[in-house]
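Structure first, commentary second.
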Amino acid sequence: MLVQTFNPFNNLALSALVAAIPILLFLLCLTIFKMKGIHAALLNLVVTFLIVLFLFKLPLGEAIGSVAQGTFQGIWPIGYIIVMAVWLYKISVKSGKFEVLRGSIAGISQDQRLQLLLIGFCFNAFLEGAAGFGVPIAICAVLLVSLGFKPLQAAMLCLIANGASGAFGAIGIPVGIIGTFGLENVTSMKVSMMTALTLPLINFTIPFLLIWLMDGFKGIREVLPAILVTSTTYTVSQAMMTVFVGPELADIIPSLLTMGVLALFLKKWQPTIPFLLNGKEVEFEKHSMGDIVKAWSPFYLLTLFVLIWSFPAFKGLFSQGGTLEATVLKFIFPGSSITIGIDIIGATGTAILLAALTTIATTKSIRVSESLALLKKTILEFRIPIIMICAIIGIAKLMAYGGLTNVLGEAVATTGQIFPLLSPLLGWIGVFMTGSVVNNNTLFAPIQATAGNIIGTNSSLLVAANTAGGVMAKLVSPQSIVIATAAVGETGKESALTKMTLKYSFGLLAFVCVWTFILSLFFK
């Protein structure tokens, strides 16, 4: 926060109401006014800029610096990650690997409800745990479209499925980062353990919700054994990981285990009549196990490099005093006190780039010139979505530095013993505006912990609620929406996708709010 006070009207309720304008305006633009995402983001950026400049008194230089910092972060690392991930996917398609990969999934089951569980739920969770930052939405939605799902339908299902894994994305960073804050009586392990009181209930439900959205109660009844295998395996294994191991592998191990168990189960059991979206089975050639392993290699490589990039020892190379510190470019934006940093080698996008280059080098069926043409095409396809992401993060930075985020947090915290009911709402707001559970916990975890100490509620429970509430916002976060629509070739239909997912986001948020309040009566 770079302003002297986050309460410019000397009235917390009024200041909070004004601070909420960017959030409310975004929702109105994307739902009621049905604006394109890019137009809503740019309009909101201007409105937020004026609010922080004239009402919250953020100096002009700091306001411009806030937008600049958001723009740089939108391009690097987020835009970088998205472009590299989609480029890797396009290389897989061009080389013929993707067709074999698609056939390996269709070969497990032609029933597209079961394909949804394998890809939309299991593989989605795996990619969330390995990479995060929109990678699972982009890749899994495209995979489903290639199997016959409608573009926006595939995007919606992947967004909702991501609610089961978003808390532990990118090697558990959203929860793991909490340990760096030095909060009283709050550690990342304590928060990880507390999430096991809430997230398993949601995780168990989401596969049922996905099948219901696709084929109603009839679908649930017809593939109930497969749903139970998926829900039980993932929920139990993730709960055990969060309680006994920690957040780092809480997505990766459960998702791989669930995918393997479900695939083995489907060798013994299949629904009597397969569900086919287009009334016909997906055509595919049968391939040897060796070909299938090679077809999945781009994603093995992606996981391997991202895991290496996520190791603390590797990250330490780029920290202050590290061997590769010089590769991190840092400068103060002119006219402000805001630091802008660009991590060239240590960015997750570089890990995905290496996976793509290794795939090109080891694949004879694609030339370097073809892969570069695909990269150019990917950049052109995502230029508007990345501009929108830059605008969204610019808004989030303005809200943080201008004090809007603080006043919203303080306003909610003044509710006293009812605060646990609203605690997840604070997390929802954080992720809606930033698109990241990591950023959300960075902004609001200290407020949640402080509020817990004041009202006598377990602070780790409230930080866990902040995380869980934030995950529910990933379903409708403008950043998530723009990545999803762009991935399936529906840029410009962000309002339609938002309307499709909004009620499920609110419904899951309402459950987390009520359940957190109930838990707060027992955990002091």
Side-chain angles (χ1 to χ4, degrees), residues 8-9 13-56 63 66-67 70 74 152 155-156 159-160 384-385 387-400 402-409 411-412 422 424-436 439-440 443-444 469-486 490-510 513:
F9 302 106
L14 180 58
S15 296
L17 182 62
V18 174
I21 288 175
I23 300 169
L24 298 174
L25 180 60
F26 232 129
L27 285 172
L28 288 172
C29 287
L30 291 175
T31 55
I32 304 300
F33 302 140
K34 298 181 180 179
M35 294 176 64
K36 289 185 177 181
I38 183 65
H39 297 155
L42 293 175
L43 172 63
N44 217 336
L45 179 62
V46 172
V47 170
T48 308
F49 188 90
L50 295 175
I51 289 173
V52 300
L53 188 66
F54 294 109
L55 299 181
F56 282 74
S66 301
V67 176
L152 289 183
M156 176 192 71
L159 285 167
I160 293 173
I384 292 177
I387 291 172
M388 181 179 169
I389 289 171
C390 291
I392 292 166
I393 300 179
I395 293 166
K397 295 297 181 182
L398 285 170
M399 291 186 68
L404 281 70
T405 299
N406 280 65
V407 72
L408 287 170
V412 176
L422 302 176
L425 177 61
L426 201 59
W428 192 96
I429 291 171
V431 172
F432 181 83
M433 292 311 304
T434 67
S436 165
N439 291 341
N440 165 52
L443 290 170
F444 289 136
V471 173
M472 301 311 113
K474 288 196 76 176
L475 278 63
V476 291
S477 162
Q479 182 175 309
S480 299
I481 294 291
V482 70
I483 291 171
T485 51
E490 296 288 351
T491 296
K493 294 186 178 180
E494 293 83 7
S495 62
L497 184 56
T498 300
K499 290 182 71 174
M500 291 169 71
T501 57
L502 189 60
K503 58 185 175 183
Y504 303 108
S505 176
F506 283 163
L508 291 169
L509 173 65
C513 288

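All values below were derived from every heavy atom in this structure, side-chain atoms included, with hydrogens, water molecules and symmetry-related copies excluded.
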Do [X] and [Y] come within less than 4.5 Å of each other through their side chains, counting heavy atoms only?
{"X": "P424", "Y": "M472", "result": "no"}
{"X": "K474", "Y": "L159", "result": "no"}
{"X": "V476", "Y": "F506", "result": "no"}
{"X": "L43", "Y": "C29", "result": "yes"}
{"X": "L398", "Y": "L404", "result": "no"}

As an exercise, state the distance from [atom1] of [X] to [atom2] of [Y], rounded to the nearest 0.5 Å.
{"X": "M388", "Y": "N44", "atom1": "CE", "atom2": "CG", "answer": "10.0 Å"}
{"X": "T48", "Y": "F26", "atom1": "OG1", "atom2": "CZ", "answer": "8.5 Å"}
{"X": "I23", "Y": "F432", "atom1": "CD1", "atom2": "CZ", "answer": "7.5 Å"}
{"X": "L508", "Y": "K503", "atom1": "CG", "atom2": "NZ", "answer": "12.5 Å"}
{"X": "T498", "Y": "M35", "atom1": "OG1", "atom2": "CE", "answer": "12.5 Å"}
{"X": "S495", "Y": "H39", "atom1": "OG", "atom2": "NE2", "answer": "11.5 Å"}

- When you look at M156 and L497, which way does the side-chain contact (heavy atoms from CB on, under 4.5 Å) test go after all the steps? CA-CA 7 Å; M156 176 192 71; L497 184 56; 4.0 Å; yes
Minimum heavy-atom separation for [X] and [Y], please, with both atom names.
{"X": "A391", "Y": "L42", "answer": "CB-CD2, 4.2 Å"}
{"X": "A484", "Y": "A155", "answer": "CB-CB, 3.9 Å"}
{"X": "G469", "Y": "L509", "answer": "CA-CD1, 4.2 Å"}
{"X": "P22", "Y": "A19", "answer": "CD-O, 3.2 Å"}
{"X": "T501", "Y": "L475", "answer": "OG1-O, 3.1 Å"}
{"X": "P8", "Y": "L55", "answer": "CB-O, 3.3 Å"}

Query - Backbone of I481 reached by a side-chain donor or acceptor of T485 within 3.5 Å - result: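 At least one qualifying donor-acceptor pair exists.
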